[in-house]
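Below, chains carry the letters A, B, ... as their sequence lines are ordered, and counting in each starts from 1. Quick note: numbers below take in every heavy atom, side chains included, and nothing from hydrogens, waters or symmetry partners. Not measured: the values here are computed from a predicted model.
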Amino acid sequence: MENGLIVIFGFTMLYFAATGRLAAHIRLLVWQGLLLFLICCTEIHKLHPGSFIFLTLETLGVKAILIPWFLTRILKKHSMLRDEAPGKPHFFSLLIASLVLLAGILSQNWIQSYPIISPIHFGVSVSSIIICLWLITVKHNIVSSIIGFIAMENGIFLLSLSIAKEMPLLVNAGVLFEVFLDIFILGMFVNLIEKEFKNLDVSKLSELKDSGND
Amino acid sequence: MIDILLIYPLVAGLLIFIIKKRAFDVFAVNSYALLHIVISCILVFTHDTYLSSVRYFAIDNTNKIFLLVLSVVFLMAAVYNTGYIKHMKHEEKRIRFYMFLMLIFIFAMTGTTLSTNLGLAWVFVEATTLTTAYLIYFNRTRNSIEAAWKYVFICSVGIALAFVGIILLNISTDRVNSLNYAILACNSFQFDPFWMKAAFVFIVFGFGTKMGLAPVHFWLPDAHSESPSPISALLSATLLNSAFLVILRVLRILETSGHDSYGRLILLVMGFSSLLVTAVYVNKIKNYKRMLAYSSVENMGILAIGTALGPAAMYAVMLHVIGHSFAKASFFLTSGNILELYDSRRVSRVSGLNSIDRKTGWLWIFSYLAICAFPTSSLFISEYLIIKVMFAQHHYFMCALFVILLTVILHGFARVVFSMTFGKVAEDKEEQVRENRKKLSWCMYVPQIILLTMVFTLGVYVPPFLRF
């Protein structure tokens, strides 16, 4: 059951790579949040009740509801439908993402020699992080970059679940609070950039160069 | 006492929004600056180690210098800021938010410096990113939006990768379930070397992004050049140090486990990359604040190289931290005076600085001399000691490369600094520049004079508490 959920999480990354529709990206974030919640539920017997409540709040409350709601508002405000000009064709991104995910899943055999790590968690989470870094680089739309960053945070969350011990709650709470604030601030900058540059293409943000400006 | 350092800015920040008076905003920042330096001095001079009531914060031999540097630079930036905001034409609400975030920024850096836990240090470093985003965007120009966006996004991705490093470090620790530096260092001999090394790669790239080490430095020239000058000074002279301190602490864990040579190699490569990047860009620079930002990249590179050389160069590294912070703060604050006078960041639009405002002109020259390690600047001693260690360890090629790159960088800076200081002011601008001079009050000169005096004094006399 748990392994199945993790593999589905890995496949959501492929869909990320294959589509340019921003609304679909946000729906995927909702699915990822739900999947992460279900993965936490499968480990409920290992968790302290306080930690479980915290993780539920993090996965369901913030990752599956709050952040997607905030991003949907931004999309509606700017009437954005898709990432019009990604740096690489979607097929190419899908190919790369598939290869990375495959490598992540195959790495299980090697990871099995470390009893503290859950191999499937580790392989899928590391490949998700790498895929997101790739997508952040090739996607030109600012909202796509933010979505890629959030998906990377989801991958990091899965990675933290891969080890058979918990991070201190204080650190977890700090991380969650900052990620949320981070996305909030990035979202505000989307509005400012749209207002000032009349465009949300990352490549247009290139006025600051070593050639001098006032 | 550590508790006061961390609680005061939060209370003062809250009061700023309740009282809503410019005079109180200034008082809140300046009183925190004074309190910060007084408490730091008490902690540094009267205790070898001191733990806060919550045990997550402490002063020890590693962070005491960083805390002192933070206090001194903050006090100087606060004094300068008092004169700087006097002539700001922005609405009161905006200035209030600026002062509030300045307090929170210092709170976050103090938290990073004093934190005894790697996870908590991560949280505070991320907090510095969030608070400074607005400060960089403060002028609300196209350029400042671009700079702030790049800063927040690049640093967030970098810090997220640092968190991956923390998770990998947690894997390596096996049965030790703690992120406390001291506990990690004590038990590091039983950690898994593979995961520990993998963790260091992520941590050094993550916190290295914040520190401004090449090749992950891209946000730095934009952010430092676009923010208001007191903020540029704080970013360059204290924020980069905070990130460096975290790297230093993690390296110490590797050191106690006997796997530090790998970490040192990474730092060496990043250090030389930083020098190379600066050497390439500094000779075509047309914006003087960007030049100072590249100088920060260069100096962080020197710190990385010094750290890579091992314990033999540690004294030089610490001296360089102090010297660079003071000299760079002075340089950035003086650049604020120039920006007030000429209303431009372009090198080509600034000339005859010495004839318009002799004090700013000389401060500009002396800041340059301090940063380029002219005797008796403490940077001369630190760079000389680093070169000496390279010789002692028979790294002759590395030494030659280090000297050549520093010479190229020095030439690039000199070209800009001297062209701005001497010559004549364009006739059409002279009247306006002379008019702008009235904006500069005494508190926009005194902090630089104090900082430069300390830099040049440390080159001839190092007080006993700094002889680690």
Side-chain angles (χ1 to χ4, degrees), chain A residues 111 114-117 122 125-126 129 132-133 136-137 142 145-146 148-150 152-153 155-157 159-168 170-179 181-186 188-190 192-193 195-197 202 204-214, chain B residues 56 117-120 122-124 126-127 129-130 133-134 137 140-143 145-150 152-153 156-157 159-161 163-164 166-168 170-175 177-179 192 194-195 221-222 225-226 281-282 284-288 290-291 294 343-349:
Chain A
I111 296 292
Y114 296 94
I116 193 173
I117 312 167
F122 187 85
S125 59
V126 169
I129 294 166
C132 288
L133 282 174
I136 287 171
T137 328
I142 284 174
S145 302
I146 297 177
F149 173 67
I150 299 165
M152 188 173 88
E153 290 285 352
I156 294 172
F157 180 83
L159 180 67
S160 70
L161 291 179
S162 74
I163 45 176
K165 54 184 178 182
E166 288 178 48
M167 282 270 186
L170 180 76
V171 173
N172 272 334
V175 171
L176 174 65
F177 178 66
E178 307 239 86
V179 167
L181 263 184
D182 210 347
I183 288 152
F184 183 69
I185 289 174
L186 287 172
M188 282 195 336
F189 272 110
V190 171
L192 293 170
I193 290 167
K195 202 169 141 190
E196 191 65 46
F197 290 81
V202 178
K204 298 279 183 286
L205 296 177
S206 55
E207 287 188 7
L208 286 172
K209 288 177 185 156
D210 296 308
S211 50
N213 29 53
D214 287 334
Chain B
Y56 278 111
N117 183 296
L118 180 57
L120 204 60
W122 184 94
V123 171
F124 277 111
E126 178 65 359
T129 309
L130 303 179
Y134 179 84
Y137 162 66
R140 299 195 182 178
T141 59
R142 271 169 83 91
N143 290 340
I145 293 175
E146 185 183 330
W149 163 262
K150 285 180 185 168
V152 179
F153 195 74
S156 297
V157 172
I159 291 297
L161 291 179
F163 195 69
V164 173
I166 294 173
I167 295 170
L168 297 182
N170 215 12
I171 293 175
S172 78
T173 59
D174 203 4
R175 274 167 294 178
N177 194 11
S178 171
L179 288 174
D192 187 302
F194 172 77
W195 291 112
D222 296 345
S225 61
E226 288 306 316
Y281 284 102
V282 84
K284 58 174 189 176
I285 221 95
K286 288 176 179 154
N287 173 328
Y288 58 87
R290 280 182 87 83
M291 174 191 80
Y294 274 110
D343 204 21
S344 175
R345 292 184 178 87
R346 282 199 189 193
V347 174
S348 59
R349 292 190 186 166

Subject >> Portion of A/Ser125 that has a non-hydrogen atom of chain B nearer than 4.5 angstrom >> reply: neither
Subject >> Interatomic distance, A/Ser160 atom OG to B/Ile166 atom CD1 [nearest 0.5 angstrom] >> reply: 11.5 Å
Original post:
So which heavy atom on B/Ala160 is nearest to which on A/Ile156, and how close?
Top reply: O-CD1, 3.4 Å
Subject >> Between CZ on residue B/Arg142 and CG on residue A/Leu192, distance to nearest 0.5 Å >> reply: 13.0 Å
**OP:** Under 4.5 Å heavy-atom distance to chain B, tell me which part of A/Ile146 shows up: side chain, backbone, both or neither.
**Re:** both
Original post:
Which bit of B/Leu118 comes within less than 4.5 Å of chain A, counting heavy atoms only: side chain, backbone, both or neither?
Top reply: neither
Original post:
For B/Tyr288, is it the side chain, the backbone, both, or neither that has a heavy atom closer than 4.5 Å to a heavy atom of chain A?
Top reply: neither
**OP:** Answer yes or no: is there a side-chain heavy-atom contact under 4.5 Å between B/Ile171 and A/Tyr114?
**Re:** no
Original post:
Does the ring centre of A/Phe189 sit less than 6.0 Å away from the ring centre of B/Phe153?
Top reply: no
Subject >> Proximal component of A/Ile136, with respect to chain B [non-hydrogen, under 4.5 Å] >> reply: side chain
Original post:
How long is the gap from CD1 on A/Ile117 to CG on B/Leu168, to the nearest 0.5 Å?
Top reply: 8.5 Å
**OP:** Taking the side chain as every heavy atom from C-beta outward, state whether B/Asp192 and A/Ile116 have any pair of such atoms under 4.5 Å apart.
**Re:** no
